[in-house]
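Atoms within a ligand are numbered from 1 in the order they appear, just like the ligands themselves. As the structure is a computational prediction, the values presented were derived from the model and not from experiment.
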Amino acid sequence: MKSHYRVVVIGGGVVGASVLYHLARFGWSDICLIERSVLTAGSSWHAAGGFHALNSDPNMSALQSYTIDLLAEVEQESGHSAGVHMTGGITIAASPERWEWLRAAYRSYQSIGISDVRLISTEEAVDLCPVLNPEGVLGGMWAEREGHLDTTGTVQAYARAARQRGAEVIEHNRVLELHQRPDGWRVVTERGTIIAEHVVNAAGLWAKQVGRMVGLELPVSPLKHHYLLTEPIPEIVALGRELPTVVDPEGYTYVRQDQQGMLVGVYELNPEHWAMDGAPWDYGMELFQEDPDRIENELAFVYGRYPVLERAGVRSWVHGAFTFSPDGNPLVGPVRGLPGYWCACGVMAGFLQGGGVGKALAEWMIHGEPEGDVYGMDVARYGDFAGNREYIRQTTGQFYSRRFMITYPNEELPAGRPLKMAPAHDAMSAAGCVWGESWGLEVPRYFAPEGFVEKPSLRRSNAFDLVASECRAVREDVGLLDISGYARYEVTGPGAEVWLKRLLATRLPPPGRVRLAVMLSESGHLRGDLTLFNWGDGRWWIVGSYYLREWHMRWFETHMGDGVSLRDISDDVVGFAVIGPRSRALIAALSVDPVGDLPFMGCGQFDIGLIRAHVGRLSFTGELGFEIHCRASEHVALRRALVAAGAESRLREIGFDATHSLRMEKSFGIWSREFTQDRTPRQTGMDRWIDWTKGDFIGRAAALAERDGPPPERVLATLKIADTDADGSGYEPVWQGDTLVGFVTSGSYGHWVGASLALALIAPEAAVPGTELTVHVVGEERRARVVAPSPHDPQGRAMRS
Ligand SMILES: Cc1cc2nc3c(=O)[nH]c(=O)nc-3n(C[C@H](O)[C@H](O)[C@H](O)COP(=O)(O)OP(=O)(O)OC[C@H]3O[C@@H](n4cnc5c(N)ncnc54)[C@H](O)[C@@H]3O)c2cc1C
């Protein structure tokens with residue numbers, strides 16, 4: 001062991017070994033991995049070793065696909081077998097809802113290029129897995145690249161390949177402390193102190209403690225998990241070939257062949273947390289006593305699904321623990337305020353995701369950003385609130401118990417809620433508000449009569465008519481929307497203007513004006529679709545999506561300028577928007593100030609009722625509209641004043657489900673759907689907001705190269721889809737004849753224009769208005785036509801009126 005390294009990776013499980021391998025593979029030297037015990041001594045050694053290409057999040061599917069493809073390469077490079085059994089796998093559908101979900105999922109996999117997947121009949125499922133009892137099975141999905149591997153062999157293969165590229169692996173040496181230095185980290189270990197530029201927390205079951213070494217409360221907890229291994233089963237011995245892996249989501253179980261018997265794993269509805277503060281340091285390679293009572297219902301089910309199990313003896317039980325984040329996805333990337341400290345933890349399925357995690361993190365460390373859009377596993381998708389123990393207990397437990405359940409696009413899950421509530425929350429609840437959740441905050445979805453219960457579905461839900469009437473209110477009269485769920489950052493100081501000019505690719509608004517602001521990365525990819533307010537008194541506000549607060553702040557702080565003071569004021573400043581043709585009269589009636597005279601995209605401070613408000617004249621719906629920002633303590637009073645004054649204007653409280661439909665009618669994109677960090681300005685039309693004349697800004701050279709280069713492979717287009725009882729929700733494939741030309745990024749029924757609408761990233765040749773295409777919505781082929789952007793009010797007269 002040396003006294004200095006460029007990188008110290010803490011933890012020798014599958015994730016740490018993959019990070020080490022990728023750093024070495026991408027060219028970094030002077031790197032080491034430090035392991036408390038021996039490689040695999042956390043949860044890695046006793047994993048079931050199953051891998052599946054498929055995940056309900058297409059970005060995670062891509063990551064898993066990469067990991068599977070990598071295995072052969074790592075085996076070849078290292079000369080060490082990972083013991084891969086590429087058996088193929090079946091996900092069976094034992095309910096009409098699952099069968100519909102599988103048909104839709106099959107199409108979304110096509111969108112992201114996973115083509116070795118197909119739907120199969122029940123008969124084919126039984127042919128492939130003759131021990132399966134077909135009773136109640138409606139069909140399944142077959143995936144070629146599924147199977148299982150030797151867990152210890154895989155970790156050793158990664159580590160050996162890394163060593164061959166010059167990396168060091170140091171076992172039997174616990175990292176005890178981490179201390180920040182101006183140039184990196186002082187790493188105190190049992191065998192001496194190391195100075196490192198970067199440290200990586202790949203400590204798996206101990207990630208919590210390695211976070212706490214630097215004052216970080218990571219939202220992660222271990223949960224216990226069982227699988228059992230049977231004695232040889234004569235029917236399997238007689239088969240003469242290996243069984244595929246089978247996931248039975250309705251039964252909460254997965255199975256595969258193990259030697260001549262079966263391995264049966266259970267995701268029970270009644271999960272058990274373990275060592276929420278991280279595993280004890282002396283926890284070795286031991287297992288917990290099995291607890292069949294906890295999984296008895298699921299076991300009864302699996303014995304019915306595979307009757308051969310009734311006659312098979314149990315050879316052994318494996319009852320171990322592994323870590324979960326609130327949404328079950330890994331926690332990866334740099335941590336705000338801790339330069340050189342990187343996370344690669346919370347990896348629930350290390351053998352199917354570890355390769356992708358290692359690749360993304362190594363790219364991030366070496367090149368400053370990963371190649372793909374890794375927001376779904378970025379540690380910055382959570383904030384401090386998620387470090388709360390009870391929040392972690394509820395959300396990780398919810399994820400575990402729902403591991404095999406369908407979560408619908410319009411479904412809101414209950415764990416960890418309600419946590420943050422805007423002051424007018426209770427009054428809005430009394431008015432019938434149905435809430436969604438964004439980064440711990442309750443946000444309005446729509447308003448419903450008492451006793452209404454939404455039935456989640458891949459198709460339009462029973463809230464359809466409620467949302468339709470809110471859309472109508474906005475287009476005809478005036479809607480009232482709680483906009484507490486915006487992120488707001490206040491920028492002041494002598495260096496503010498210079499910094500904003502460099503940070504944003506857009507021309508800065510003059511005093512008293514608002515402008516849409518594009519933010520780019522150095523490589524010319526999108527980093528933000530923000531709104532910039534210039535209040536004219538030296539204060540600027542950057543406004544964006546609430547759930548991106550930690551992610552934005554990490555970016556702002558790592559790109560900070562001199563003489564700038566930056567404050568996240570999102571919890572202090574809240575507000576309401578009034579939107580619709582009658583909004584001007586409404587707001588003017590509440591003020592003696594000339595607020596009604598604000599020009600389009602103007603902003604200023606006005607008295608609204610009793611409140612000294614900050615008002616901007618803009619809306620995200622294509623209507624005349626005003627955003628009224630106030631202090632949190634004034635939120636209730638603001639709502640009361642607006643509701644009282646709005647009675648005459650037929651004011652209607654609305655939620656974000658309506659604004660989603662209204663923005664689709666204007667072809668307005670949003671972050672995470674149309675705009676993501678792996679897309680570019682020209683692809684998404686965001687280039688129209690770039691000021692090419694203003695001098696340097698982050699990403700300028702790359703954006704210029706894109707502007708002057710060949711056309712992008714895909715561009716954003718608006719589609720009208722033949723109307724049924726379902727709309728696009730994202731990742732539906734778009735076809736021109738038999739050719740896949742792209743995929744849907746957002747979809748909704750346009751209640752005002754009366755058509756099912758979608759925004760889609762498609763080949764430029766197919767994006768010409770009038771082009772006839774098809775789209776698979778909920779797995780069914782629908783005719784679609786490209787239409788000119790903004791099916792409602794294309795000239796923008798209403799919003800400028
Ligand atoms: C019963 C069971 C079945 C599973 N089945 C599957 C499956 O089929 N497929 C799949 O993909 N996943 C499966 N998993 C999950 C899988 O095991 C984990 O996702 C994976 O092991 C996580 O790897 P890791 O490297 O993040 O963590 P770990 O394997 O926990 O590794 C962390 C390492 O860090 C070391 N360490 C911690 N702190 C320090 C320190 N301070 N100093 C030095 N070293 C330190 C530890 O000793 C340990 O070796 C299963 C898990 C269980 C329990």
>> Quick one: does any side-chain atom of T67 pair with a main-chain N or O of G356 as donor and acceptor, under 3.5 Å?
In response: yes
> Are the charged groups of R381 and D327 less than 4.0 angstrom apart, N to O?
Replying inline: yes
> How are the rings of F385 and Y391 set relative to one another: parallel (under 30°), tilted (30 to 60°) or perpendicular (over 60°)?
Replying inline: perpendicular
>> If you apply the rule ring pair (Phe, Tyr, Trp, His ring centres under 6.0 Å), what do you find for H198 with W28, and how did you get there?
In response: CA-CA 12 Å; H198 305 272; W28 269 17; 5.4 Å; yes
> Do E35 and R174 sit within salt-bridge range, that is, some charged N less than 4.0 Å from a carboxylate O?
Replying inline: no
>> Residue by residue, ordered by chain and number, which ones reach under 4.0 Å of ligand 1 with a heavy atom?
In response: I10, G11, G12, G13, V14, V15, I34, E35, R36, A41, G42, S43, S44, H46, A47, A48, G49, G50, N173, R174, V175, A202, A203, G204, L205, W206, V210, H225, Y227, W281, G320, A321, F322, V347, M348, A349, G350, F351, L352
> Side-chain contact, heavy-atom cut-off 4.5 Å: W317 with H226?
Replying inline: yes
